[in-house]
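None of the values given here were measured: they were computed from a predicted structure. Lettering of chains follows the sequences in order, A, B, ..., and the numbering in each one begins at 1. Hydrogens, waters and symmetry mates play no part in the numbers below; they use all other heavy atoms, side chains included.
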2 protein chains.
Amino acid sequence: MSSIEPSAAGQGRLMASGQRRLRLYVTMGQRLLRDSLLFQILLHDEVELVGESETGVATLNRLKTATPSVLLIEENLQDNDGLTIAEHALAMNPSLSVLLISDTPVSSGRMAIYLEAGIKAVVSKDQPVQELIKTLFYIRNGQVYVGNWQQEPAPAAMLAYQALSGREREVAQLMASRLPVRDIAGRLGVSCKTVHSYKDRIFVKLGFERLPELILFMQRHQHGAAE
Amino acid sequence: MSSIEPSAAGQGRLMASGQRRLRLYVTMGQRLLRDSLLFQILLHDEVELVGESETGVATLNRLKTATPSVLLIEENLQDNDGLTIAEHALAMNPSLSVLLISDTPVSSGRMAIYLEAGIKAVVSKDQPVQELIKTLFYIRNGQVYVGNWQQEPAPAAMLAYQALSGREREVAQLMASRLPVRDIAGRLGVSCKTVHSYKDRIFVKLGFERLPELILFMQRHQHGAAE
DNA sequence: TTAGCGGTGTAGGAAATTCCTACAAGAGTA
DNA sequence: TACTCTTGTAGGAATTTCCTACACCGCTAA
């Protein structure tokens, strides 16, 4: 069927950064969180979901056939605690990277216990999603992530705004209010392409990938970190 | 600034469906859930986030200045319970539509209490995100949503697969595995445009809007509702 | 039995978006 | 002074999104 080159193994472009596909298994009790997290995570095309379950035992069963490279698991499961499950999983496959999701911020004491058990990172439910995603990608090659569980009071994000130049701020503003690119271009008296350029720069500077992130950012920025 | 027509009030295209912008306020304790839900919700361009907070009192304070049309609020907050807060909010502004998020499935008894209090709908954290989003849009004009809190065991979704035609299933399959459109076209021996057409039809039939939804759907479909 | 009608396989077009690259003017610095 | 970085501006290629088109095919109602 045609002589079309199958677009060279993998996605090329973005593939350069890390290793291969991140094979993910997710264990999380509540569907709402699991779903919305998954939608978020699956936006990244190097992630392959190899399985999911709601309970610890189900996870241990499936883990034999699914062969994830990363296990994202909640600390508190209905039938067990994530730590125990993770330990079993690690016993079966020591090269698995486990990211634990805890309900509350972790103390350094607990952190030590987790690391001891071979868990690669812990993210609490009080942290931003991006934090979780960043961590996920960070640990995927086996690295341990002992990042800012120290819970900085929302600094980086707001400081980032300072990094935007005047024109960039204007555009960020208008884009966050959902004004279509064409209108923004019209209002600023420049070409659409220029607006796109600003958009690109803004997204790079702030580390965003999609409009909702910017909207949320601007919203939070305006109504102060008062939040 | 130039004589460019500001692309006719609003977004035209999609705007036809409901009323105007859905002005949303979100009260949710845990950042992780709040964030990921918001990213999801803000993907819909008729939603305007007018505020968010973590606690009940903060919400009541902000509600005076922000003027949401819909309040999405968790049942269990750190400082109060969502129901109480919602009642206060409704006392201030009776036209507000409140969507309560409960930790567990709601019994019909509780449901009655909620409706009594003027709450428009309740979604539990055990339900799929789309359910929440659907409900959100449903109640935005003031309608009450007493949908399937009866928790059907995942029927509709899987049945939907039946609705796909042969070719559509092939494409769905390949797309879910993240094969680029061009490669899918090559493999099936048709043009890219054709593949896009299949994609469109698949998304319409299943009611999806983005790739992650399809990926998740196919994953779940294959590994049976066993889940 | 023939005229419709809806579903399926196929594809084209317009507009928008993503991801790069380009480049000149000013700011700052070695 | 020469060099580099940032900012304002924009173009191009490949993709995507959203519509529309159209020929078949099978089924139904007159």
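- The side chain of A:K199 contributes an N or O atom lying less than 4.0 Å from OP1 or OP2 of C:dT18.
- A search for ring pair (Phe, Tyr, Trp, His ring centres under 6.0 Å) contacts involving B:Y138 returns B:Y145, not counting sequence neighbours.
- Nearer the 5' end of DNA chain C, as judged by each residue's closest nucleotide, is the contact made by B:H196, out of B:H196 and A:H196.
- Checking B:Y198 against B:S165 by side-chain atom types alone, no donor-acceptor pair falls below 3.5 Å.
- Note that CD1 of A:I73 and CD of A:E52 are 13.5 Å apart. Values are rounded to the nearest 0.5 Å.
- In this structure, CG of A:D45 is placed 11 Å from P of D:dT16, rounded to the nearest angstrom.
- Place B:S191 and B:A163 on DNA chain C by their nearest nucleotides, and B:A163 ends up nearer the 5' end.
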Measure all distances between protein nitrogen or oxygen atoms and nitrogen or oxygen atoms of nucleotides 20-23 of chain D, and list the pairs falling under 3.5 Å.
none

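- Side chain to side chain, B:Y25 and B:S53 meet the donor-acceptor criterion of an N or O pair below 3.5 Å.
- Rounded to an integer number of Å, the gap from CE of B:M175 to P of D:dT15 is 16 Å.
- Between A:T194 and D:dT9 there is no side-chain polar atom (N or O) within less than 4.0 angstrom of OP1 or OP2.
- Per the geometry, NZ belonging to B:K193 stands 11 Å off P belonging to D:dT16, to the nearest Å.
- D:dC18 atom C1' lies 13 Å from atom CZ of B:R210, rounded to whole Å.
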Are B:I101 and A:L32 close enough, and set up right, to give a side-chain contact (heavy atoms from CB on, under 4.5 Å), and what steps lead you there? CA-CA 10 Å; B:I101 311 240; A:L32 195 63; 4.1 Å; yes
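- Remark: C1' of D:dT17 and OH of B:Y198 are 19 Å apart, rounded to the nearest angstrom.
- For C:dA16, one of the phosphate oxygens OP1 or OP2 lies less than 4.0 angstrom from a side-chain nitrogen or oxygen of A:R182.
- Regarding B:E209, its CD atom lies at a distance of 17 Å from the P atom of D:dT16, rounded to whole Å.
- Using the six-membered ring where Trp is involved, A:Y161 and A:F217 have ring planes that are tilted, between 30° and 60° apart.
- Atom CZ of B:R169 is separated from atom P of C:dG9 by 10 Å (rounded to the nearest Å).
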Check the pair B:K125 / A:R31 against side-chain contact (heavy atoms from CB on, under 4.5 Å), numbers first and verdict last. CA-CA 6 Å; B:K125 290 190 184 172; A:R31 178 82 184 262; over 6 Å; no
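- Look at CD1 on A:I184: it is 13 Å from C1' on C:dA16, rounded to the nearest Å.
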